[in-house]
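One structure is given here, and the rest of the page talks about it.
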Amino acid sequence: MTREQQDTSQVDVAIVGGGMAGASLALMLTRYCPQLSVALLEQQPLPDPRASLQLPSFDTRATAVSAGSLQIFAELGLWPALREHCAPIEHIGVSDRGRALGVSLQARQQAPASFEGMLGAVIENAALGPVLHRALAQTPVGLLAPARVDSVQMGTDGALLRWRDGNGDSERQLQARLLVVADGVDSPLCRQLGIDTERVEYRQRALVTTVGLQRAHGNRAYERFTDSGPMALLPLPQRDGHHRMALVWTCEEDAAEALMQLPEEAFIARLQRTFGWRAGRIVRAGSLQSYPLSLSLAREQWRRGLVLVGNCAHFLHPVAGQGFNLTLRDCYWLAQSLVQADLARNSPGQLDLLQEYGRQRQLDQQLTIGFSDRVPPLFASANLMARGLRQAGLLGLTLAPPLRASFVGQAAGFGL
Ligand SMILES: Cc1cc2nc3c(=O)[nH]c(=O)nc-3n(C[C@H](O)[C@H](O)[C@H](O)COP(=O)(O)OP(=O)(O)OC[C@H]3O[C@@H](n4cnc5c(N)ncnc54)[C@H](O)[C@@H]3O)c2cc1C
């Protein structure tokens, strides 16, 4: 019997979804709460760690990870494996299309908030997935994959999950004292549990691809504000001697559609015109992926025996690079709350533990979600606040918390 097939019919914590949120939380629970038995159920097959490339989280995107998130990964013992896949961000260059002046932020100006001299780092999701899943394979977490959870039923002792394996023909059951739903945006499980979401459609799309450059990026991230929205070029590690950066280009839906139709050469010419020459000549562009932009917030993130993490709890505008960083902090504090679960006397699904987690996360979530919802639209505007934000840059505000605190303080009139 393989690890994937072993019987985990009763566990302390069941996590549904093995994407960035679910896999990170499972690793944190084994690190901080070894007293808990944990099962992770993922509907896609995971025959070996490379298969994590099939999961939606680990597609062709790259993620800007803050210094705080890198610190969490380091605590989990993942930094040695991640380091080779990460491109450090040591500088952020911010510019405004149509205005000559730009601003540059450097890691050494933000020393207390940096990790090993970086403001943050960029890692391709396709590299992050195997690192997380390879680490998970070394833990006692029961990995059930492919395992599609079709229904959950909440009771006084937690949750009863009904799931099917890859063939889909045999239904199995799993009882968990705490159910963590990490199944992504538009979660059918949340709907089944009667958890509503609040949604704002931005009617914009993020176009994402990898571009090749003639010269090295020098660990510099670029952010450029245009009339249609912000765009970012993020450093990536070299591959086969090629200089590479990850592009996130925010545009109105029609403009995005038109860009998707362009042949590579015409796309590069348009990109170069819009972005300028700060990063040098763009010589290649990979295939474009397009992501609809919306804000989607679950109206409840916890109940007795139940917690939501990741995109199913909050799906944010991606341009400021906040979604996964916020999720990682949520997962970290959920694990810290569960450290206190004394299994002889109480359950990890006990309401007061989860309420404490909720109280702990409230302020950070409110600030981060408010920032990601209200700030991007300002970037198309010409008012004073917009200009102040443009000078600091969304990425700078995300990766350099003291800068953000000082900006938020200034904007709120506290002059912090
Ligand atoms: C264009 C873009 C760029 C981004 N850039 C950044 C960035 O730079 N920095 C940052 O911090 N964040 C960024 N984000 C946000 C980040 O991608 C999300 O935080 C992350 O994807 C959260 O993943 P998740 O695990 O919650 O959901 P998902 O990736 O959707 O994973 C959910 C998993 O659950 C599984 N599943 C679903 N239903 C079931 C079921 N019934 N049973 C079993 N398994 C199931 C799915 O197969 C999947 O593997 C970006 C987002 C976008 C769209």
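As a basis for the values below, the full set of heavy atoms in this structure was taken, side chains included, without hydrogen atoms, waters or symmetry mates. Read the numbers this way: they start at 1 and go in the same order the structure lists the ligands and their atoms.
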**Request:** Pick one of side chain, backbone, both or neither for how R61 approaches ligand 1, counting any non-hydrogen atom pair under 4.0 Å.
**Result:** side chain

**Request:** Can you sort out which atoms of ligand 1 are near A182, meaning under 4.0 Å from one of its heavy atoms?
**Result:** 32 (C), 33 (C), 34 (O)

**Per-atom contacts, ligand 1 versus R148 - under 4.0 Å to a heavy atom** = 42 (N)

**Item:** Pairing residues for W333 by the ring pair (Phe, Tyr, Trp, His ring centres under 6.0 Å) criterion, not counting sequence neighbours
**Value:** none

**Sub-4.0 Å atoms of ligand 1 with respect to non-hydrogen atoms of L41** = 43 (C), 44 (N)

**Item:** Per atom 5 (N) of ligand 1, closest listed option by heavy atom (G22, A62, P146)
**Value:** A62

**Asked** So is A147 in contact with ligand 1, going by heavy-atom distances below 4.0 Å?
**Response** yes

**Item:** Nitrogen or oxygen atoms of N125 and ligand 1 under 3.5 Å apart
**Value:** no

**Asked** Counting each atom of ligand 1 from 1 as listed, which ones have a heavy atom of V16 under 4.0 Å away?
**Response** 40 (C), 42 (N), 43 (C)

**Atom CZ of R303 with >12 non-hydrogen neighbours under 6.0 angstrom** = yes

**Atoms in ligand 1 flagged as close to V208, the criterion being non-hydrogen separation under 4.0 Å** = 1 (C)

**Request:** Go through the steps to decide whether L334 and V309 satisfy the test side chain to side chain contact (heavy atoms under 4.5 Å, CB included), and finish with yes or no.
**Result:** CA-CA 9 Å; L334 178 57; V309 297; 4.2 Å; yes

**Asked** Which heavy atom in R220 sits nearest to a heavy atom in M245, and how many Å separate them?
**Response** O-CE, 3.2 Å

**Which segment of F324 sits under 4.0 Å of ligand 1 when only heavy atoms are counted** = both

**Request:** Output yes when R239 and E124 qualify as a salt bridge under the 4.0 Å nitrogen-oxygen rule, no when they do not.
**Result:** yes

**Closest to atom 46 (C) of ligand 1 among R164, M20, E42 (heavy-atom distance)** = E42

**Any N or O of A21 closer than 3.5 Å to N or O of ligand 1** = yes

**Residues Q301 and Q365: side-chain donor-acceptor under 3.5 angstrom** = yes

**Request:** Determine whether the side chain, the backbone, both or neither of D150 has a heavy atom under 4.0 Å from any heavy atom of ligand 1.
**Result:** neither

**Message:** Side chain or backbone, does L189 bring an N or O within less than 3.5 Å of an N or O on ligand 1?
**Reply:** no

**Request:** Give the ring-plane orientation class for H317 versus Y202, where under 30° counts as parallel, over 60° as perpendicular and anything between as tilted.
**Result:** tilted

**Request:** Heavy-atom contacts with G310 under 4.0 Å: which atoms of ligand 1 show up? List them by number with element.
**Result:** 26 (O)

**Message:** Would Q43 count as being in polar contact with ligand 1, using the rule that some N or O on each side must be under 3.5 angstrom apart?
**Reply:** yes

**Complete:** Closest non-hydrogen atoms of A39 and L144, given as atom of the first, atom of the second and distance, are CB-CD1, 4.5 Å

**Complete:** Taking only non-hydrogen atoms of G19 and a 4.0 Å limit, the atoms of ligand 1 in range are 25 (O), 31 (O), 33 (C), 49 (O)

**Complete:** On a heavy-atom basis, the closest approach of W163 and A147 is CE3-CB, 3.3 Å

**Prompt:** Under the ring pair (Phe, Tyr, Trp, His ring centres under 6.0 Å) test, which residues partner Y357, sequence neighbours left out?
**Reply:** none

**Aromatic centroids of F115 and W79 separated by under 6.0 Å** = yes

